[in-house]
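First the proteins, then the strands, lettered A, B, ... as listed; each starts at 1.
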2 protein chains.
Amino acid sequence: MSEFLDTAAERYHPGLSVDCVIFGFHENELKVLLLKMKHTAKWALPGGFVEKQEHMDKAAIRVLEKRTGLADIFLQQFHTFGDPARHDHEMDLELFKQSGRDPVKDHWFLQRFITVGYYALIEFSKANPRPDDISEACEWKSIDQLPAMILDHRKILEKALDTLRFQINYQPIGHKLLPVKFTMPELQKLYETILGKELDRRNFQRKMLAYGILKDLGERRKGGAHKAPYLYSFDVKKYNAALKIGLKGSW
Amino acid sequence: MSEFLDTAAERYHPGLSVDCVIFGFHENELKVLLLKMKHTAKWALPGGFVEKQEHMDKAAIRVLEKRTGLADIFLQQFHTFGDPARHDHEMDLELFKQSGRDPVKDHWFLQRFITVGYYALIEFSKANPRPDDISEACEWKSIDQLPAMILDHRKILEKALDTLRFQINYQPIGHKLLPVKFTMPELQKLYETILGKELDRRNFQRKMLAYGILKDLGERRKGGAHKAPYLYSFDVKKYNAALKIGLKGSW
DNA sequence: AAATTAATGTGTGATATTGACGCAATGTAA
DNA sequence: TTACATTGCGTCAATATCACACATTAATTT
């Protein structure tokens, strides 16, 4: 941390950070990847700073790859948070002290920060969550059982979720969040979770199939306690073509 | 300009600007307010810097009020542009020279800038466009006859338009862009311009009326060369309520 | 091994929305 | 007065949505 504070002013763009809301889907629940910060009970969104001549999107990708071990992540910028009150100056001073130094006036780290929010959709099972230097844990948390979070991270997360909901007909939600093979009930659960409401099983299936973006694999997922559902895959080409004009239909 | 360069580093957040895409509707055309820059043939979006402890949204409002003379403007943040190549370092140096000074290394103004894009919807007839210090004109330009623009401003404008199109069912487009009283053909033209395609007159009317967000004023707009159309107003309360859940319907 | 259970697969009809038109009414200009 | 372009109102078939019923199936229970 101390070394970071020394070199940050040279390396990074002043007063600018990126924060990532990383979504995953597991056991019929929508989850986000959060970091448990050291020296506090609160959790944080994975974030980082933007190097002086680095593309902002690139900085977000860097953060994402570090935390998940994945490359080629689906990423979307959704909002920039520019309230001067969003940063907790007291907390910054605290971090400074913990690094064993006296707060320097006008230090790079102590100025006001703007943060750019990105959301990512990743396949849960492929990720390998890893904490960073300033955190002691990196875990998936269900979006309806979120722990206390630092600063305005809760607000950022909510905004990401709102955006995801709003763009549901224009983003490859299913393709990025589900494994290659999935069942119709799984796909439905995903939609229900994002939309926050239940859908009629039969109407959902009819509509999805009508889009013509699914490939019926013929196989069934055995092992469940009841009738085995069919497995599907996305026809990526048709899926992307359909998303360009938007999957029509109100949910 | 020279004075600005001296005090900027103290007053403003480093490497951060806001740019506004100000939309207006006039003579059946969607227009944007642009500034003609001094010493170059190119035009620019009205923009500005963010004061050190100022809310970013507030900075955008400040810019808007200065350029249009209007208060209480409808404003939406839509995207942040963080490509380091977006700024034209040569042009910055040129501006520096024109202020009669030698480029100082690492000067506040010469660093890399991130810009946050906002779009505004205003009632054309109420605005009083005024140029600022570094521009010699401030005019409305039709979106299908745009002049050459500096930096990535053209791209920013396109993105604003895409966003507007995307959010058309969730933003008070008509209410903010049209005068209090308007005719159905006018409202339709507005939608057609934003969507970039023609709509059936009769179906449009049926749908609009079905939303229940319009008040029929009973009056007609005389003076046109043909049958006089009725005048309408928005029922703001119902309009806003409808926008919350979105005006359902595909255009 | 048969019955039970709780899912899944398939289908159907009422209702609402959409898209593509027809036609009469109206204000100005010829 | 007539011609004409535009507006107001209406129709109808095609499509989409919504709310269900019923048959099928894989594991579990009896």
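Summarising the geometry of H153(A) relative to L45(A), their closest heavy-atom pair is ND1-N, 2.9 Å, with the distance given to 0.1 Å.
The CD atom of Q188(A) sits 13 Å away from the P atom of dA7(C) (whole-angstrom rounding). Atom-to-atom, CG of L247(B) to P of dT18(C) comes out at 11 Å; the value is rounded to the nearest Å. In this structure, CZ of F204(A) is placed 14 Å from C1' of dT8(C), rounded to the nearest angstrom. Between H226(B) atom NE2 and dT26(C) atom P the separation is 16 Å, expressed in whole Å. Rounded to an integer number of Å, the gap from M208(A) CE to dG9(C) P is 15 Å. Atom pair Y211(B):OH and dT18(C):C1' shows a separation of 11 Å (rounding to whole Å applied). Spacing between atom NZ of K189(B) and atom C1' of dT7(D) amounts to 15 Å, rounded to whole angstrom units. Per the geometry, CD belonging to Q205(A) stands 18 Å off P belonging to dA19(D), to the nearest Å.
Taking a 6.0 Å sphere around NZ of K126(B), one finds it holds 12 or fewer heavy atoms contributed by other residues, nucleotides or ligands. Residue-environment remark: NZ (K155(B)) stays at or below the threshold of 12 foreign heavy atoms within 6.0 Å.
Aromatic ring pairs are classed by plane angle as parallel below 30°, tilted from 30° to 60° and perpendicular above 60°; the pair F74(A) and Y119(A) is tilted. Ring pair Y239(B)/F234(B) is parallel by interplanar angle, where below 30° counts as parallel and above 60° as perpendicular.
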Protein N or O to nucleotides 11-18 of chain D N or O, pairs below 3.5 Å:
unit_1, atom_1, unit_2, atom_2, d
dC18(D), N4, R206(A), NH2, 3.0

Could you list all N or O pairs between the protein and nucleotides 28-30 of chain D that sit under 3.5 Å apart?
none

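If Y232(A) and K222(B) are placed on DNA chain C by their nearest nucleotide, the residue sitting closer to the 5' end is Y232(A). Position along DNA chain D of the nearest nucleotide to M184(B) versus A228(A) favours M184(B) as the more 5'-ward residue.
Remark: of the listed residues D162(A), L161(A), I156(A), I156(A) is the sole one forming a side chain to side chain contact (heavy atoms under 4.5 Å, CB included) with F78(A).
With hydrogens and angles ignored, no donor-acceptor pair closer than 3.5 Å exists between the side chain of R220(B) and the base of dG8(D).
Here K36(A) pairs with E136(A) in a salt bridge; the nearest charged N to carboxylate O distance falls below 4.0 Å. We find that K141(B) and E139(B) are joined by a salt bridge, their nearest charged nitrogen and carboxylate oxygen being less than 4.0 Å apart.
Between dT10(C), dG27(C), dC21(C), one nucleotide has an atom nearer to the side chain of R202(B) than all others, and that is dC21(C). The K227(B) side chain lies nearest to dT7(D) when the options are dA7(C), dT7(D), dG27(C). Listed nucleotides: dG8(D), dT8(C), dC20(D). Nearest to the side chain of D200(A): dC20(D).
Residue pairs meeting the side chain to side chain donor-acceptor pair (under 3.5 Å) criterion with at least one partner in residues 187-201 of chain B, sequence neighbours excluded, are Q188(B)-E192(B), D200(B)-R202(B).
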